[in-house]
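What follows is a set of notes on a single structure, which appears directly below.
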Amino acid sequence: MKNVAVEIVGDRFSEEGWSRISVHVPSETGLTIYVNHQELVTIQCTPTKMEWSVLSLDSCTERESSQVSAKW
């Protein structure tokens with residue numbers, strides 16, 4: 001998936017000594033959730049399927065006439 005992991009190059013020490021390695025680490029982005037146009041929470045998460053977090057919250061608040069939106 002695009003923009004999910006970035007490649008980081010670093011040094012690693014083992015019994016054989018130092019070596020240069022590259023590893024993939026998850027990238028993160030901010031996800032801010034608003035309820036009734038007021039910021040509820042901002043979290044750091046990987047940039048995949050973030051809309052599911054918003055949709056699940058939206059289904060919980062549907063009965064209370066609340067409006068849920070998100071910005072990332």
Side-chain angles (χ1 to χ4, degrees):
M1 284 184 181
K2 186 179 177 184
N3 299 325
V4 175
V6 294
E7 187 174 352
I8 303 292
V9 177
D11 296 319
R12 177 180 179 183
F13 185 77
S14 67
E15 292 178 1
E16 291 83 30
W18 289 97
S19 61
R20 176 81 28 154
I21 62 165
S22 64
V23 294
H24 287 90
V25 295
S27 62
E28 293 186 339
T29 190
L31 169 65
T32 304
I33 298 176
Y34 297 88
V35 176
N36 293 333
H37 305 288
Q38 292 185 337
E39 184 177 333
L40 174 67
V41 65
T42 299
I43 58 173
Q44 287 293 111
C45 56
T46 57
T48 59
K49 300 183 182 177
M50 293 190 303
E51 62 275 1
W52 289 103
S53 299
V54 178
L55 289 173
S56 62
L57 181 61
D58 191 35
S59 66
C60 293
T61 59
E62 210 171 80
R63 289 172 254 128
E64 301 169 11
S65 300
S66 298
Q67 181 183 5
V68 177
S69 60
K71 178 182 178 183
W72 58 82

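These values consider heavy atoms only, across backbone and side chains, with no hydrogens, waters or symmetry-generated copies.
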Rounded distance (nearest 0.5 Å) linking atom CG of D11 with atom CZ of R20: 4.0 Å
Looking at residues at least two apart in the chain, or sitting in another chain, which of them share a side chain to side chain contact (heavy atoms under 4.5 Å, CB included) with S22?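 For S22, the residues satisfying side chain to side chain contact (heavy atoms under 4.5 Å, CB included) (neighbours in sequence not counted) are E7, V9.
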For residues T42 and E39, is any side-chain donor paired with an opposing acceptor at under 3.5 Å?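 Yes - a donor-acceptor pair under 3.5 Å links their side chains.
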hydrophobic_cluster_shared for V25 and I21, side chain cutoff 4.5 Å: yes
